[in-house]
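Handing you this structure, nothing more for now.
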Amino acid sequence: MDNIKILIVEDEDRMRRLIRDYLKKEGYTVIEAEDGKLALEKFFNDDIDLVILDIMLPEYDGWTVMREIRKKSNVPIIILTARSEESDELFGFELGADEYVTKPFSPKVLVARVKALLRRSNIFSEKDILKIGSLELDLNGHRVFNDGIEIKLTPKEYELLVYMAKNKGKALSRETILNGVWGYDYYGDLRTVDTHIKRLRLKLKGNSDIIETVRGVGYRLEVKK
């Protein structure tokens, strides 16, 4: 596990050291940054596997850091912040966050989420192309194409689409989707699924109807003949 590099971006020294110590006990290589500018420098000059990112930072705030990372990388990002408003959480997911953890938090739970997120980021690593009507899912490159034109999805939107595609024709409850994509150790509510389904449909545009709402159950991916 010593080849896994995690970047902690946190301006509070005590908090940063606490997270660092817990991650190092698990065998991860930890890189630290106390402001947004330094975080981007370290991210783009190293091979980072996961980012733990505070929002309130000197230089560049966490939102800016995440925007810049998402321009180039789909690396898993865990937002770590004292801001617990629903609008902030939804905005974080919209920008491409994979997890949203509010302070105060349990370091052990944070480490468990890191492990789960690293596992999930490798779920669809097989070299294959999955076709859904006019869509093509590149499971190796984590990319989605519609008639040869790439559709830009966040990592979670991509995982959600692949999960539903691999369960094509099945009516999936929100709980089932949440467990399948976010993992059993995810503590968010079911609205997370609805939010991501809505955004995924918007990005699929002409193919949005392949995701059907199953009343009283959840959602189903069905390719129209």
- Atom pair CG (Leu23) and OH (Tyr28), whose distance is rounded to the nearest 0.5 Å: 7.5 Å
- Would you check, one step at a time, whether the test side chain to side chain contact (heavy atoms under 4.5 Å, CB included) holds for Leu110 with Tyr22? CA-CA 9 Å; Leu110 178 62; Tyr22 270 85; over 6 Å; no
- Query: Is the shortest distance from a Lys or Arg side-chain nitrogen in Arg16 or Asp54 to a carboxylate oxygen in the other one below 4.0 Å?
  - Reply: no
- Query: Can you say whether the rings of Tyr100 and Phe93 are parallel (under 30°), tilted (30 to 60°) or perpendicular (over 60°)?
  - Reply: tilted
- Note: Lys42-Asp35 ion pair, threshold 4.0 Å (strictly below): no
- Query: Going by heavy atoms in the side chains, are Asn207 and Ile151 under 4.5 Å from each other?
  - Reply: no
- Flag if over 12 foreign heavy atoms under 6.0 Å of NZ, Lys198: no
- Query: Would a 4.5 Å heavy-atom cut-off, applied to side chains only, mark Asn167 and Thr176 as touching?
  - Reply: no
- Query: Ion pair present between Lys24 and Asp21, side-chain N to carboxylate O less than 4.0 angstrom?
  - Reply: no
- Item | Option from Arg70, Lys71, Lys72 for which salt bridge (Lys or Arg N to Asp or Glu O under 4.0 Å) with Glu68 holds | Lys71
- Message: What's the separation between atom CG in Leu50 and atom CG in Leu117, rounded to the nearest 0.5 Å?
- Response: 5.5 Å
- Message: As a quick check of understanding, evaluate side chain to side chain contact (heavy atoms under 4.5 Å, CB included) for Leu95 and Ile77, giving each step before the final call.
- Response: CA-CA 10 Å; Leu95 289 182; Ile77 297 176; over 6 Å; no
- Message: So which atom in Pro58 and which in Glu34 form the shortest heavy-atom distance, rounded to 0.1 Å?
- Response: CD-O, 3.6 Å
- Inter-residue atom distance Arg199.CZ - Leu153.CG, 0.5 Å rounding: 10.5 Å
- Message: Counting only heavy atoms from other residues, nucleotides and ligands, does the tally under 6.0 Å from CD1 of Ile149 exceed 12?
- Response: no
- Residues passing the ring-ring contact (aromatic ring centres under 6.0 Å, His included) test with Phe91, sequence neighbours excluded, are Trp63
- Under the salt bridge (Lys or Arg N to Asp or Glu O under 4.0 Å) test, residues paired with Asp46 that sit two or more places apart: Lys5
- Message: Counting neighbours of NZ on Lys203 that are heavy atoms of other residues, nucleotides or ligands and sit closer than 6.0 Å, is the number greater than 12?
- Response: yes
- Shortest non-hydrogen contact between Arg201 and Thr213, atoms and distance: NH2-OG1, 2.9 Å
- Message: Ile52 and side-chain contact (heavy atoms from CB on, under 4.5 Å): which single residue from Ile79, Val101, Val114, Leu7 fits?
- Response: Val114
- For Lys131, which residues count as a salt bridge (Lys or Arg N to Asp or Glu O under 4.0 Å) partner, sequence neighbours excluded? Glu136
